[in-house]
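First up is the structure itself, then whatever we jot down about it.
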Amino acid sequence: MADYRQAAKDVKEGKIAPVYLLYGTETFLMDEMCDWIKTQALQGGDAGFNLVVMDLEEQPVQSLVREAETPSFFGGKRVVIGKNAWFLTGTRVKAKVEHRPEELLDYAQNPLQDNVLILTVPAEKLDTRKKLVRQLKEKAVTVSFAPLEPKELTGWVARRLKQFQVQVHPQAADRLVQLAGNDLRLLASECEKLAVYVGRGGTVTPDAVAELVPRTLEQDVFKLINSVAKRNTGEALGIFHDLLQNKEEPIRILALIIRQFRMMLQVKVMAEQGKAAKEIASLLRVHPYPVKLALQQGRSFSEETLRCLLQRAIEADQWIKSGKIDKVLAVERLLLQADISSSTFG
């Protein structure tokens, strides 16, 4: 299996393979790889005639193979992309078409060298129990696209910014990840916006990031939890009602409250076991900054209190989904209970 960075380097240098198998849950990187392959393979060619994209949930793979076997009528390479090749995974999907995957394997063993066939699978892993998958991986350039580790994310953002020929302050990339999270599509968009703002040769600073990048709902929920930690129920309710005014869904707000309470509890328990913040971040597969904040917030609560708050938040979610209570009232009551719990057990 090819390393993502090496595969990308090869493509940018014009080393194009006849068959690619791309899979993983980080679809932004996967789509970007497809774009690079298309750009390199179709140089000077007519994309209107030489590019074919099929959804394999709607069309059989044998139709994709027929396209891959067809030479370009106007010279140059053809690029044939088959998306959603779920038949290469163990995931059960409702079949709309009947695939004959043996035809795909036959083609991969002797592909048309002037064409490029790309299969994409937005799944965490392929089903290597299948003979087809094992043999296809041997014939195709196979690349996995897993979510970036927290320590990789900041570096990716810094490199992305530098592609726009701007300078990057050492803390700017970290600040951007803090505000925008780990969604690469959003981060890429924010990088472009920041680069335009500072101009070529300019410097992206933490202040520029704070000025241009909007706070996420996660950031507002953090402020809400911080108010609970300070025993300021009025402020917590005020933040909640501001979010409602901004058309945020109460159930989504509650889901983030549950996630934050859970992280605070996990971080507190691990810290008491002697684990450092970086180790905790690695174990939880999150950016170190949320761990640092959870450690700070967790100091305001005992472990018993956090367990109580997490349980009550989960119960509120269950009551909403079972129709026992109005969703706004459920969150309001949770915030009031949180203040009582904090005062009693904190």
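Note: hydrogens, waters and symmetry copies are ignored here, and every other heavy atom, side chains too, is used.
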Query raised in the report: Do the rings of F87 and H99 sit parallel, tilted or perpendicular, given the 30° and 60° boundaries?
Result: tilted
Query raised in the report: With no hydrogens and no angle check, do the side chains of D55 and Q59 hold a donor and an acceptor under 3.5 Å apart?
Result: no
Query - ILVMFWY network linking W156 to L186, side-chain heavy atoms under 4.5 angstrom - result: no
Query - Between Y4 and F145, ring centroids under 6.0 Å - result: yes
Report task. Check the side chains of R175 and T205 for a donor-acceptor pair under 3.5 angstrom, ignoring hydrogens and angles. Result -> no
Side-chain donor-acceptor distances from residues 265-274 under 3.5 Å, at least two apart:
| residue | atom | partner | partner atom | Å |
| --- | --- | --- | --- | --- |
| K268 | NZ | G298 | O | 3.0 |
| K268 | NZ | F301 | O | 3.0 |
| Q273 | OE1 | K275 | NZ | 3.1 |

Requested in this report: Measure from the side-chain N and O atoms of K83 to the backbone N and O of V121, and report whether any donor-acceptor pair falls under 3.5 Å.
Outcome: no
Query raised in the report: So, does K77 use its side chain to make a donor-acceptor pair with the main chain of I16 at under 3.5 Å?
Result: no
Query raised in the report: Cut-off 3.5 Å, side chains only: do T203 and Q167 have a donor facing an acceptor?
Result: no
Query raised in the report: So, R262 side chain and L310 main chain: donor-acceptor pair closer than 3.5 Å or not?
Result: no
Query - Pairing residues for H169 by the ring pair (Phe, Tyr, Trp, His ring centres under 6.0 Å) criterion, not counting sequence neighbours - result: none
Query raised in the report: For residues E13 and Q40, is any side-chain donor paired with an opposing acceptor at under 3.5 Å?
Result: no
Requested in this report: Begin with the C-alpha distance, continue with both residues' side-chain angles, and end with the deciding distance and a verdict on side chain to side chain contact (heavy atoms under 4.5 Å, CB included) for L119 and L136.
Outcome: CA-CA 11 Å; L119 293 161; L136 188 59; 3.9 Å; yes
**Report entry** Donor + acceptor pair across side chains of R200, Q165 (<3.5 Å)
**Finding:** yes
Report task. Return yes if some donor-acceptor pair links the side-chain N/O of D3 with the main-chain N/O of R5 below 3.5 Å, else return no. Result -> yes
Query raised in the report: In chain order, what residues pass the ring pair (Phe, Tyr, Trp, His ring centres under 6.0 Å) check against F222, with sequence neighbours excluded?
Result: none
Report task. Flag yes if V196 and V168 sit in one hydrophobic cluster, no otherwise; membership is Ile, Leu, Val, Met, Phe, Trp, Tyr, and two members link when side-chain heavy atoms are under 4.5 Å apart. Result -> no
Query raised in the report: Are side-chain N/O atoms of N232 and S227 paired as donor and acceptor at under 3.5 Å?
Result: no
